[in-house]
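Quick caveat: nothing in here was measured; it's all calculated off a predicted structure. Heads up: numbering here begins at 1 and tracks the sequence. For ligands, and for the atoms within them, numbers begin at 1 and follow the listed sequence.
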Amino acid sequence: MRLMVAGLSNRDGRLIFKTLGKLVEPGGTLQDWRQLERAVEQAQPDVVLLYLGQRPGQTCTLARRVLNHYPALQIVGLVEKETPGLVELSTEAGLVDLVILEHGQHELNAAFERLHEARLQQQEADGDVLALLGAKGGVGTTTVAVNLGAELAADRNKRVIVVDLHLYLGDVAAALDLAPDPSVLWFLGHGSTVDAKMWRNGPPMHRTGFQILGVEGDLGAAEPVTAEQVVFLVDSLRRHYDYVVMDCGSNLTEVSLAGCSAADQRLIVVTDELAALLGARRRVLALHHLDLDPPVAYGLLNRATEGLDMPAIEEASGLRMVSTIRNAWRDVHGAMERAQVLREAAPHSDARMDIADLARSISGTGVTSEARRKRAFFSLFR
Ligand SMILES: Nc1ncnc2c1ncn2[C@@H]1O[C@H](COP(=O)(O)OP(=O)(O)OP(=O)(O)O)[C@@H](O)[C@H]1O
Ligand SMILES: [Mg+2]
């Protein structure tokens, strides 16, 4: 990991690099801590060791701001002596660790060994990330997201998480009657201070075996979320889960587009209504601006009824449909009313079978010849 030392003289910086030896790769010393933001932008360190000095309050405020812009960055605080409230102050600012020199020189090495260990652990999995974007509101994006999560989790060896990126209106947690604690906003806001254990075990688990990151009710105090935070969230989740399914809602916002661009694949959920088909076309155009490898998305036709003119639907939406979920209003609605997934509430319903088929084509298991055509596009996941 590349380390920058900030707030100390070049001489002290050299001493620190010498003490830490092979644990870090030297990334320069910045004497004036007030220039931290610009220095991070230029030197792109993985970790900053920040001397909190005489003004720990001001230094921590700056650290918080820098971390908001660079959520992948980790900042370790350095002080000579512990003063009252210092630990709380640095934790609140988002510092990953605090080295107190009066406790002994070995504290410095110990902190960087912990960091090194945590970074190794975080590099474990390399999951597949699927973004679901509604062609318009109400097409069934959330229904597909939670049921797909449940079907993918039927394989007990796979870790699956459904993430509600429909930030201010999302209802994944409500649909499953799970308390969204910790919520997706909590993870977005805490970024690099979240340890591997929290990424894995923090998000609540549904009884059918998948986890969720939901949206809480009171968003009055929520800070605005940046695209960088979303990308960091997605990249962190893929290290801990085999499948990450994101409900991006139907609005084109900085957050939903960041989710789409960080995903390995995108599915636009449509129905055969004209407004949905036109909405799909607009979303395809928006995705074209994200510099993604073509095709920018595939289509999922929900609430499908018999006798649909598929070529006309593909033409109107500008999407190739790789999945068709049949209309099963009674079953879907019944499951929803009981806050259940179809796998529990209506395992034999048409919609459940179609979503299970989609899950199989994603995971590549039990592939029939009919499903093989669909699977071809998911090989792009790898
Ligand atoms: N395959 C299906 N068959 C019948 N009804 C369905 C199907 N899929 C979803 N629905 C119904 O469509 C309605 C909207 O579903 P859902 O809330 O999942 O949509 P959404 O796109 O997430 O909506 P929003 O834009 O509000 O987030 C629900 O009443 C749900 O029961
Ligand atoms: Mg929804």
Determine the interplanar angle of the His333 and Trp329 rings, folded into 0 to 90°, and report it as parallel if under 30°, tilted if 30 to 60°, perpendicular if over 60°.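 Correct class here is parallel.
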
Parallel, tilted or perpendicular: rings of Trp199 and His240 (30°, 60°):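 Rings of His240 and Trp199: parallel, under 30°.
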
Using a 4.0 Å heavy-atom cut-off, say whether Val144 meets ligand 1 through its side chain, its backbone, both or neither.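 For Val144, there is no contact with ligand 1 at all, from either part.
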
Just heavy atoms, cut-off under 4.0 Å: does Arg326 contact ligand 1 by side chain, backbone, both, or neither?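 The part of Arg326 near ligand 1 is the backbone, not the side chain.
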
Look at [atom] and say which protein heavy atom is nearest, naming residue and atom and giving the distance to 0.1 Å.
{"atom": "atom 19 (O) of ligand 1", "answer": "Gly140 N, 3.0 Å"}
{"atom": "atom 18 (O) of ligand 1", "answer": "Thr143 OG1, 2.5 Å"}
{"atom": "atom 1 (N) of ligand 1", "answer": "Asn302 OD1, 2.9 Å"}
{"atom": "atom 14 (C) of ligand 1", "answer": "Gly138 O, 3.6 Å"}
{"atom": "atom 17 (O) of ligand 1", "answer": "Met336 CE, 4.1 Å"}

Side chain to side chain donor-acceptor pair (under 3.5 Å), that's the test. Do Asp247 and Thr142 meet it? Break it down for me. CA-CA 6 Å; Asp247 177 354; Thr142 303; 2.6 Å; yes

Taking backbone and side chain together, does Thr142 place any N/O/S atom at a distance below 2.8 Å from the Mg ion (ligand 2)?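 Of the N, O and S atoms in Thr142, at least one lies under 2.8 Å from the Mg ion (ligand 2), which means yes.
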
Polar proximity ligand 1 side, Val332 side, N/O cut 3.5 Å exclusive: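 N/O-N/O distance under 3.5 Å: no.
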
Passing candidate, salt bridge (charged side-chain N to carboxylate O under 4.0 Å, His left out) with Asp354, options Arg326, Arg303, Arg360: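 The passing option is Arg326.
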
Output yes when a side-chain donor or acceptor of Ser349 lies under 3.5 Å from a complementary backbone atom of Arg352, and no otherwise.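 Yes.
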
Between Arg320 and Tyr298, is NZ or CZ placed under 6.0 angstrom from the six-membered ring centre and within 45° of the ring axis?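 Negative - Arg320 is either too far from the ring of Tyr298 or too far off its axis.
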
